[in-house]
Amino acid sequence: MKQYYKSLLPFIIFLVIFQYVVIRAVDLRRPCHHDECHFVETINLFGKEMNLNTIIHYNEMSTPLPFVLYALWGRIFGFELYVLRILSIIIAFATYIIFHKLLFDIFSNSLTPFLIAAFFAVNPYFVGFSVFVYTDMLGIFFMLICCISMIRQKPIMFTISSAAMLLCRQHYIFFFAASFVYYLAKLATVRKMSSFYMLLSCIISLLPMLTLFIAWGGLVPDNSVRTLYMSEGLFFHPNYLTLYVGQFFVYLLPFVIFKWRSLYKDLRVTIGCFIFSWTYWLFPVAVSRCSRLNTVGIFHRYLEMISNNWFFVQVVFFIAFFLGLPVVFNVMRDCYHKWRHGNVDFKFFLNLSILIFLVIMPFSYLVWEKYFLQLAPLVAIRILLLQYPDEFIEAK
């Protein structure tokens, strides 16, 4: 534990200083920011009428736990915007501490958890999550607790955190699906009661969200927004997939560079990925039909600021797609080899999470760079684990 605190205390000091700078720069009393405006309206609705009718018909597309939590905070401390933002700061601080703990449980040294957690803390999206009234950080918080409970084999902790995670965003079904397959495979190969209990806790954690789906009569609340966004139903968007594959390179660049030799050393794989990458031009990155914006996120917006030329922007995304493909290929290959040899370890779970995310997220009604950020911590860990033996985590 002494080594843990040697890493934690400097990280807390960094976090306090950085958050203070962010808070001063942003100004908690500034007007509402983008999606924050309608989130605050929904929070106020829950603050006034927290009943079954509100839960079924509130005018959002995501599951209700963040709105309920902010509404409870508002009832105690007030619904002024700056007061609600204080809760965002607290949630963010707790999330970074949990992330640091997860990283220490995996890597067991002082420097690695500090550097990785600090890297995510300064990410522009995470900066926004940590000060504005957004619903993203709470889901990430519970997802990280899920990971800790998996490593420590704590079924009750997993049940609670997984259920809460799913009640923050439907998108986290990718994590649930990966957990379910992981423990099913683990039970089939290892056949320990601990795996059975974790599988059972996984199934139980899905029940609250399924109950909501039944009440809603669909995957999202019964409201006018659903009619607008879901009129075409669910179908696979290949151009969403090309964006998310490219994010493996864009938003995890330091990790990719650090593991460059491991990811790109096989010339046959790199050449194969380059050839396949030309399929990008069949499904180039594009905004969703229902989106009111002209970009798919901060990186896209930054490219538009450099040059408003469509071809320039698409060439950059094409390069990112090509350089992201070897990361995905390595994950696929490792997942196959582990399954073939019955090596169902935590790395196998991380592989499943990444691959299932890439299968599920293109079915969303909306594409956005920030949706990749919920997966990014898991990808970062998986890339760094390339240097460690297969039973590295389980042996701890």
Side-chain angles (χ1 to χ4, degrees), residues 34-36 38-40 42-43 46 54-56 58-71 87-88 91-92 94-95 98-99 120 123 125-126 128-130 132-147 158-180 202 205-213 215-216 218-223 225-226 229-230 234 237 240 243-244 247 251 288 290-291 296-297 353-354 356-379:
H34 296 302
D35 286 340
E36 193 181 32
H38 66 82
F39 287 156
V40 170
T42 303
I43 291 165
F46 273 95
T54 306
I55 290 175
I56 293 175
Y58 65 97
N59 209 34
E60 299 285 351
M61 294 292 283
S62 57
T63 39
L65 182 58
F67 307 114
V68 172
L69 182 62
Y70 276 94
L87 179 57
S88 295
I91 292 171
T95 302
I98 290 295
F99 188 35
F120 279 96
N123 178 284
Y125 279 111
F126 279 88
F129 299 162
S130 67
F132 296 121
V133 184
Y134 289 158
T135 61
D136 306 85
M137 190 66 89
L138 191 62
I140 295 171
F141 170 78
F142 286 118
M143 182 188 74
L144 296 174
I145 294 181
C146 282
C147 290
F158 182 86
T159 301
I160 296 171
S161 56
S162 178
M165 173 188 69
L166 293 170
L167 291 176
C168 289
R169 278 287 175 96
Q170 296 94 321
H171 295 159
Y172 286 102
I173 195 67
F174 83 89
F175 189 98
F176 164 83
S179 305
F180 180 81
C202 188
S205 72
L206 185 64
L207 297 180
M209 190 172 76
L210 286 180
T211 303
L212 275 181
F213 288 171
W216 290 342
L219 301 179
V220 297
D222 182 17
N223 55 42
V225 182
R226 179 168 80 174
Y229 287 154
M230 303 292 290
L234 291 175
H237 302 83
Y240 293 13
L243 172 70
Y244 293 129
Q247 303 310 295
Y251 282 104
S288 308
C290 60
S291 176
V296 295
S353 298
I354 295 166
I356 293 174
F357 175 90
L358 293 175
V359 171
I360 288 177
M361 288 307 294
F363 283 96
S364 175
Y365 70 96
L366 185 66
V367 62
W368 198 249
E369 290 173 18
K370 77 168 184 176
Y371 295 153
F372 176 77
L373 270 298
Q374 62 197 13
L375 178 72
L378 306 184
V379 183

### Query
Would you say Met143 and Leu378 make side-chain contact, with heavy atoms under 4.5 Å?
yes

### Query
With a 4.5 Å heavy-atom cut-off, do Ile91 and Tyr70 have their side chains touching?
yes

### Task
Supply the atom-to-atom distance Ile98 CD1 to Cys147 SG, rounded to the nearest 0.5 angstrom.
11.0 Å

Residues 159-167, side-chain donor-acceptor partners within the protein, below 3.5 Å, at least two apart:
{"unit_1": "Thr159", "atom_1": "OG1", "unit_2": "Pro155", "atom_2": "O", "d": "2.9"}
{"unit_1": "Ser161", "atom_1": "OG", "unit_2": "Met157", "atom_2": "O", "d": "2.8"}
{"unit_1": "Ser161", "atom_1": "OG", "unit_2": "Phe158", "atom_2": "O", "d": "3.3"}
{"unit_1": "Ser162", "atom_1": "OG", "unit_2": "Ser205", "atom_2": "OG", "d": "2.9"}

### Summary
Here the salt bridge (charged side-chain N to carboxylate O under 4.0 Å, His left out) pairs for residues 137-146, sequence neighbours left out, are none

Name each donor-acceptor pair under 3.5 Å that joins a side chain in residues 356-368 to protein atoms two or more places apart or in another chain, with its distance.
{"unit_1": "Ser364", "atom_1": "OG", "unit_2": "Leu366", "atom_2": "N", "d": "3.2"}
{"unit_1": "Ser364", "atom_1": "OG", "unit_2": "Leu366", "atom_2": "O", "d": "3.0"}

### Task
Indicate the atoms forming the closest heavy-atom contact of Gly128 with Tyr134, along with that distance.
O-CD1, 3.9 Å

### Query
Does a side-chain heavy-atom distance below 4.5 Å link Pro64 with Leu212?
yes

### Message
How close do Phe174 and Ser353 get, counting heavy atoms only, and between which atoms?
### Response
CD1-O, 3.5 Å

### Message
If we ignore hydrogens and angles and just use 3.5 Å, is the side chain of Ser88 paired with the main-chain N or O of Phe132 as donor and acceptor?
### Response
yes

Would you give me the side-chain donor-acceptor pairs under 3.5 Å for residues 135-142, sequence neighbours excluded?
{"unit_1": "Thr135", "atom_1": "OG1", "unit_2": "Arg169", "atom_2": "NH2", "d": "3.0"}
{"unit_1": "Asp136", "atom_1": "OD1", "unit_2": "Lys370", "atom_2": "NZ", "d": "3.2"}
{"unit_1": "Asp136", "atom_1": "OD2", "unit_2": "Lys370", "atom_2": "NZ", "d": "3.4"}

### Message
Would you compute the distance between atom CZ of Phe176 and atom CD of Gln170 and round it to the nearest 0.5 angstrom?
### Response
14.5 Å

### Task
Hey, can you tell me if Phe67 and Phe46 have their rings parallel, tilted or perpendicular (30° and 60° cut-offs)?
parallel

### Message
With rounding to the nearest 0.5 angstrom, report the OG1 to CD1 distance, Thr95 to Ile145.
### Response
8.0 Å

### Interatomic spacing from NE2 in His237 to OH in Tyr244 - rounded to 0.5 Å
10.5 Å

### Task
With the side chain counted from C-beta on, respond yes when Thr42 and Phe39 share a heavy-atom pair under 4.5 Å apart, and no when they do not.
no

### Task
For Cys168 and Ser62, work out which heavy atoms get closest and say how close.
O-CB, 4.1 Å

### Qualifying residues under side chain to side chain contact (heavy atoms under 4.5 Å, CB included), relative to Asn123, sequence neighbours excluded
Tyr125, Phe126, Tyr251, Leu373

### Query
Who are the side chain to side chain donor-acceptor pair (under 3.5 Å) partners of Ser179, not counting sequence neighbours?
none

### Query
Once you round to the nearest 0.5 Å, how far does CZ of Phe175 lie from SG of Cys202?
9.0 Å

## Note on the structure
Taken in chain and number order and not counting sequence neighbours, the residues that satisfy side chain to side chain contact (heavy atoms under 4.5 Å, CB included) with Leu219 are Phe213, Leu234

### Task
Name all residues meeting the salt bridge (Lys or Arg N to Asp or Glu O under 4.0 Å) criterion together with Asp222; count only those two or more places apart in sequence or in a different chain, and write none if there are none.
Arg226

### Query
What residues form a side chain to side chain contact (heavy atoms under 4.5 Å, CB included) with Asn59, not counting sequence neighbours?
Asn223, Ser224, Val225

### Message
So, using salt bridge (Lys or Arg N to Asp or Glu O under 4.0 Å) as the criterion, who are the partners of Glu60 when residues are at least two apart?
### Response
none

